[in-house]
Amino acid sequence: MRIGHWSAVGLLVLAPWASGDARIDALIEDLRYDDVRLNASDAMRALANAEAPPLDALHTALDSEDFQQRQLACHVLWNLYEPYEDGHRLPRTRTWRRVSQGELTVRMIEVTIEGLRDDELPRNADGRGMWYANGARGMHRLTRHAQTARVHLEVALESDDRQQRLLAALALARGGVSESAERVLPILLPHLRDNDIEKDAHWCAHAIYQLGEAARPTLERTARDTDDAQQKELVTLILMHLDGPASTRAEARRRERLNTITGMFRDPILVDPGSWNMWWLPGVSE
């Protein structure tokens with residue numbers, strides 16, 4: 001199950017496997033949750049780096065009864081479909097890996113949304129894991145396709161899992177799906193309140209701003225009714241940005257004073273935290 005060094009399976013990465021090859025079946029099987037150290041991570045590398053990736057076999061694995069196998073197969077498929085996203089680094093000489101391979105399917109979206117839950121990736125209760133942060137990675141991937149995944153993400157807004165609800169809401173808001181504003185704002189706005197979760201206010205405030213004017217009515221009601229000073233400041237700041245950029249130095253300074261959540265940036269509404277690691281995410285479920 002766990003990540004580690006390159007093993008002998010890496011010797012297979014340039015093989016142009018044919019459909020039905022026993023080596024494919026073995027690597028797909030290694031994606032399952034088991035007690036064999038490193039086999040899943042090595043199998044992912046081999047499957048992703050194959051000259052002719054076994055797309056059919058990977059898509060079939062999305063319907064596996066094994067949760068880890070579904071999630072890791074989906075991860076490989078995303079890396080093949082969007083080879084340059086998520087900071088993926090490609091050797092210059094392998095031109096065949098510079099183009100998208102495969103297609104985005106409904107089942108990929110469903111499995112990615114499944115992975116937004118607070119689950120055993122990147123690690124389980126025993127501390128074992130593969131350090132594939134499927135929740136955070138899935139949110140970023142779905143953000144890029146939020147309109148396409150809208151119906152499925154809106155279902156996840158009603159999940160019994162708090163982390164899944166939040167990440168689905170972030171994907172829709174960061175993706176600018178204004179049609180979902182009234183459904184995501186009740187999930188995102190509470191995170192603007194002063195709480196014990198670091199960074200969630202910045203992520204949610206920036207995401208809400210991406211919803212544009214569709215968020216204004218709810219924001220105005222919240223600014224009027226909230227009893228939380230931090231939430232009121234951030235909502236006011238978002239509304240000011242919806243009105244347009246600061247036109248005077250005095251107004252710019254006023255906006256700076258409304259930022260009480262970070263000293264790293266003058267204005268967290270405009271600074272996208274998306275390039276940062278979501279290390280704070282486990283705090284959402286605590």
Side-chain angles (χ1 to χ4, degrees), residues 78 82 84-88 112-113 115-118 121-122 131-147 149 153 156-157 161-178 180-181 184-212 214-215 218-219 222 228-242 245-246 252 255-286:
W78 273 108
E82 295 184 336
Y84 277 116
E85 303 296 345
D86 302 325
H88 203 50
T112 305
I113 290 176
L116 300 183
R117 298 180 67 90
D118 181 18
L121 291 173
W131 295 107
Y132 162 45
N134 60 339
R137 188 72 64 87
M139 185 275 294
H140 285 296
R141 288 166 167 167
L142 292 166
T143 293
R144 296 192 290 270
H145 302 275
Q147 193 63 249
L153 285 167
L157 298 178
D161 184 273
R162 187 180 181 191
Q163 177 177 293
Q164 188 177 42
R165 293 196 302 272
L166 174 60
L167 292 179
L170 281 172
L172 285 163
R174 287 172 58 81
V177 184
S178 59
S180 300
V184 304
L185 287 170
I187 296 173
L188 298 179
L189 280 169
H191 286 276
L192 303 191
R193 300 176 69 90
D194 189 8
N195 59 35
D196 294 328
I197 307 172
E198 291 194 53
K199 307 300 182 184
D200 64 325
H202 186 171
W203 279 82
C204 292
H206 178 269
I208 290 169
Y209 179 54
Q210 310 312 307
L211 292 169
T218 302
L219 290 172
T222 303
D228 185 272
Q230 176 177 290
Q231 187 183 51
K232 187 178 186 67
E233 291 163 348
L234 289 173
V235 167
T236 301
L237 186 54
I238 296 170
L239 286 167
M240 293 175 74
H241 280 299
L242 290 177
R255 295 186 184 195
E256 289 178 18
R257 288 194 295 272
L258 289 171
N259 168 27
T260 60
I261 63 171
T262 177
M264 296 179 62
F265 310 103
R266 291 184 177 181
D267 197 325
I269 309 303
L270 300 181
V271 175
D272 184 359
S275 61
W276 307 343
N277 188 299
M278 298 182 78
W279 56 265
W280 52 271
L281 198 55
V284 171
S285 299
E286 292 176 356

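Keep in mind that this is a model prediction, so the values were computed, not measured. Computation of the quantities below employed the complete heavy-atom set of this structure, encompassing side-chain atoms and omitting hydrogens, waters and symmetry-equivalent molecules.
- Here the closest heavy-atom approach between residue Leu170 and residue Trp203 is recorded as CD2-O, 3.9 Å.
- For the atom pair Leu153 CG and Leu172 CG, the distance stands at 4.5 Å (nearest 0.5 Å).
- Annotation: side chain of Thr112 is not in contact with side chain of Asn134 (no heavy-atom distance under 4.5 Å).
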Report task. Decide side chain to side chain donor-acceptor pair (under 3.5 Å) for His191 and Gln231; before the verdict, give the C-alpha distance in whole Å, the side-chain angles of both, and the deciding distance to 0.1 Å. Result -> CA-CA 8 Å; His191 286 276; Gln231 187 183 51; over 6 Å; no
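- When all heavy atoms are compared, the tightest approach of Asp200 to Asn195 is OD2-ND2, 2.9 Å.
- Contact check for Thr222 versus Lys232: no side-chain heavy atoms found under the 4.5 Å cut-off.
- By the 4.5 Å heavy-atom criterion applied to side chains, Ile208 and Leu219 are counted as neighbours.
- No side-chain heavy atom of Ile261 sits less than 4.5 Å from a side-chain heavy atom of Asp194.
- For Arg257 and Glu233, the salt-bridge test fails: no basic side-chain N is under 4.0 Å from an acidic carboxylate O.
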Query raised in the report: Given the rule in the ring pair (Phe, Tyr, Trp, His ring centres under 6.0 Å) test, do His145 and Trp78 qualify, once you have shown the distances and angles that lead to the verdict?
Result: CA-CA 12 Å; His145 302 275; Trp78 273 108; 5.6 Å; yes
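- Shortest non-hydrogen contact noted between Leu192 and Ala201 is CD2-O, 3.5 Å.
- To the nearest 0.5 Å, atom CD1 of residue Ile238 and atom CG of residue Leu211 are 9.5 Å apart.
- In terms of heavy atoms, Asn259 sits closest to Phe265 at ND2-O, 2.8 Å.
- Within the 4.5 Å cutoff, side-chain heavy atoms of Asp267 are placed close to those of His241.
- In the displayed structure, Glu256 atom CD is contacted under 6.0 Å by more than 12 heavy atoms of other residues, nucleotides or ligands.
- Annotation: side chain to side chain donor-acceptor pair (under 3.5 Å) contacts of Gln210 (sequence neighbours excluded): His206.
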Requested in this report: Let me see the working for Leu166 and Leu188 under side-chain contact (heavy atoms from CB on, under 4.5 Å), right down to the final yes or no.
Outcome: CA-CA 7 Å; Leu166 174 60; Leu188 298 179; 3.8 Å; yes
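- The shortest side-chain heavy-atom distance between Lys199 and Met278 does not fall under the 4.5 Å cut-off.
- When atom types are taken as modelled, the side chain of Gln163 and the backbone of Arg117 share a donor-acceptor pair closer than 3.5 angstrom.
- For the side-chain contact (heavy atoms from CB on, under 4.5 Å) criterion with Leu239, the lone passing option out of Leu237, Val235, Thr236 is Val235.
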Requested in this report: Take His202 and Val271 through the test side-chain contact (heavy atoms from CB on, under 4.5 Å) and record every step on the way to the result.
Outcome: CA-CA 9 Å; His202 186 171; Val271 175; 4.1 Å; yes
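- Listed here is the closest heavy atom pair of Leu167 and Met139: O-CG, 3.5 Å.
- Here the shortest heavy-atom pairing between Ala156 and Ala168 reads CB-CB, 3.8 Å.
- Between Leu142 atom CG and Leu116 atom CG the span is 6.0 Å, to the nearest 0.5 Å.
- Taking 4.5 Å as the limit, every side-chain heavy atom of Cys204 sits out of range of all side-chain heavy atoms of Ile187.
- Between the side chain of Asp161 and the main chain of Asp118, a donor-acceptor pair closer than 3.5 Å is present.
- Taking 4.5 Å as the limit, some side-chain heavy atom of Asp272 sits within range of a side-chain heavy atom of Arg174.
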